[in-house]
Amino acid sequence: MRFSRMFIPTLKETPSEAEAVSHRLLLRAGFIRQLASGLYIFLPLGYRVMERINTIIREEMAGIGAQELLMTVLHPAEIWQKTGRWEEIGEEMFRLKDRTGRHMCLGMTHEEIMAWLASREIRSYRDLPQIWYQIQQKLRDEARPKSGIIRTREFLMKDSYSFDRDEEGLEQSYRLHEGAYHRIFNRCGLRFYQVESDPGMMGGATAHEFMAPSPAGEDDIALCGSCGYAANVELARSLSPETEAGDLPYEEVHTPGKRTVQEVSEFLGLPPSRFIKSLLYIGDDGPVLVLLRGDQDLQERKLQRIIGPFRTAGKEEVVATLGVEAGFIGPAGHKVRIIADEALKEGVYVSGANRADYHLKGLRPGVHFDAEWADLHIAKEGDRCHRCGAPLRIERVIEIGNIFKLGTKYSVPLRAYYLDENGVERPIVMGSYGIGPARVAAAAVEQSHDQDGIIWPRAIAPFDVTVLPLNMADTETVELADELYRALTEKGLEVLIDDRDERAGVKFKDADLIGIPTQVIIGQKSLRQGLVEIKDRRSRQRELVKREEVVERVVDMVQGSA
RNA sequence: CGGGGCGUAGCGCAGCCUGGUAAGCGCACCUGCCUUGGGAGCAGGGGGUCGGUGGUUCAAAUCCACUCGCCCCGACCA
């Protein structure tokens, strides 16, 4: 491909709206353009990267026997109504009517449609198992699109769905995907973790996410370097640091105006971990008092899993429900449901005395109050692993893929049943598995760049090699460049030749920005000695090679580390 | 949806507080000369209803109201 004929609008300056590294670089290097909030156009370079990622995905999906198909973007409402998600999902779903007034939506995922297809076509256990996948546009009216290509309203997604007879079959399909995902992300050159995740509204029990570490991410994961425990902090368990031991006499103390743990802690000279935080939430089934150790914070997802949707209680609600104002609430003597974090099971604590301006020392769980025990706190850096006790670390990550065991959540309402050997009708057991190719690309840029630009992993770079004839006015340079371009292309490499009539500096800057892994630089000075320079974008190392040996050397480089 | 910020030429910005003499700079773009190993130089040139609407005023990029759009933090994220 000739640079002069390819649409590569590079930018010297960063558009002001771009914050995330991947957003800035993809914009500057001419890979993407923004159409509106959360809507991005992939320019030729960006599209090439996406296609290379998709090719890797297709190869690995084929490797586990998955079959590619293509569904529609527009869905009739009835199918979504059957599973209840038409109502469950709020404003995030784009909805519209066709000309006859029929309700439709734009597909944000395809569990329903896949199950619908299966319900019509799969009759017998002999038809199972199946794995169907597509690489299809998804639309979600995101509350807050952000970070360039990482969170958009319209995005490409590889989504596959497995159909099995039973849990055992599902387990196998799940493992196949797990393996394929590891191969895909490795081939794409990403650093990533597989972590336990919250199945959430997808239903089902087991779910994992594939997470690429990056400060531009939106999730945090907890990792144990010792036993390998890895989980999204939404559900990560952890042991809080031991609290200071020492008995406290059971007594009420006057704490005028001291409400927060911080204030009372300083006032009484005791560490926050000796306190019980009492927080009132209002769930669908009424108020719930949540108890946490003073040095911990509530992981709302964990509470939600126990009591469903909830909100914090207002000031008046606190007084009306508990008879005391916030700041002096204690765990004892209330009629509301009380759920306490497990970290409070042992020890002697200080808490509110249920009386304005007073706190209570010497509180013992099981003696002075009772509660349901649950894991409620957010796992923090420095907490210990609940499995092996080693310290946990927390990392910020981009979710690049996920795998869910769905079970029969979609097959039952959509009547996707098959007949087993005994002629018994059984629901198909499903799994669903996603990968966001654009996030893979963004994560690659986030993880692999320097001051000058992108450094593409070889397997997903828009081109394998770029040829830079520095002086287009020099016939010998141009001729050699063309010759090398042809020879490299014949070797099966994707080559971009910068044939623009630009100064050397411009070509160097653009080449580094765009991030093609190997640069072949043809300058007059070296050429007079019959030498051509080969530069590795990542290491920045240059080597001078005899002009006859360039092709062989470049092919080695490209294939060597691919 | 709550909080914050920003809309002036393709991009990055100044001007706004203190209304008039304020449509300006750098880059990019076009023409010519020159130059060719890290975003050159000189000369000439094109391009902007100052996001939109309404108001205040003799006069609005500048003040006021409304509105649209974009970004960031949070909530949400099937």
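Only heavy atoms go into these numbers, but all of them, side chains included; no hydrogens, no water, no symmetry mates. Throughout, protein chains are lettered first and strands after them, A, B, ... in sequence-line order, and every chain is numbered starting at 1.
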Considering only the [atom1] atoms, how many Å lie between [N] and [M], rounded to the nearest integer?
| N | M | atom1 | value |
| --- | --- | --- | --- |
| B:C27 | B:A40 | C1' | 14 Å |
| B:G15 | B:U8 | C1' | 9 Å |
| B:U62 | B:C17 | P | 9 Å |
| B:C63 | B:G45 | P | 34 Å |
| B:C16 | B:G39 | P | 35 Å |
| B:A22 | B:A43 | P | 24 Å |

- Salt bridge present between A:Asp512 and A:Lys507 (N-O < 4.0 angstrom):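 Between A:Lys507 and A:Asp512 there is no salt bridge, as every charged N stays at least 4.0 Å from the carboxylate O atoms.
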- Item | Side-chain ion pair, A:Arg153 and A:Glu142, N-O less than 4.0 Å |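 Not counted as a salt bridge, because no side-chain N and carboxylate O are separated by less than 4.0 Å.
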- Item | CG-OG1 distance between A:Leu480 and A:Thr475, expressed to the nearest 0.5 angstrom |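 It is 12.5 Å, given to the nearest 0.5 Å.
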On the 0 to 90° scale, with breaks at 30° and 60°, tag the [X]-[Y] ring pair as parallel, tilted or perpendicular.
| X | Y | result |
| --- | --- | --- |
| A:Tyr281 | A:Phe310 | perpendicular |
| A:His110 | A:His75 | perpendicular |
| A:Tyr433 | A:Tyr174 | tilted |

- Query: Reading nucleotides 27-37 of chain B 5' to 3', which nucleotides get B (base under 4.0 Å from a protein heavy atom), which S (sugar-phosphate only), which -?
  - Reply: SS------BBB
Pick base, sugar-phosphate or nothing for [X], based on heavy-atom distances below 4.0 Å to the nucleic acid.
| X | result |
| --- | --- |
| A:Asp510 | base |
| A:Lys535 | base |
| A:Lys146 | sugar-phosphate |
| A:Glu17 | sugar-phosphate |
| A:Ala36 | sugar-phosphate |
| A:Arg28 | base |

Which nucleotide sits closest to the side chain of [X]: [options]?
| X | options | answer |
| --- | --- | --- |
| A:Asp512 | B:G38, B:A75, B:G39 | B:G38 |
| A:Pro15 | B:C71, B:C11, B:C73 | B:C11 |
| A:Arg144 | B:C72, B:G39, B:C71 | B:C72 |

- Query: Can you list every salt bridge (Lys or Arg N to Asp or Glu O under 4.0 Å) pair that touches residues 515-532 of chain A, not counting sequence neighbours?
  - Reply: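 For residues 515-532 of chain A, and leaving out neighbouring residues, there are no salt bridge (Lys or Arg N to Asp or Glu O under 4.0 Å) pairs at all.
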- If each of A:Glu218 and A:Ser147 is mapped to the nucleotide of RNA chain B with the nearest heavy atom, which maps nearer the 5' terminus, i.e. the 5' end?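 Nearest-nucleotide comparison on RNA chain B picks A:Ser147.
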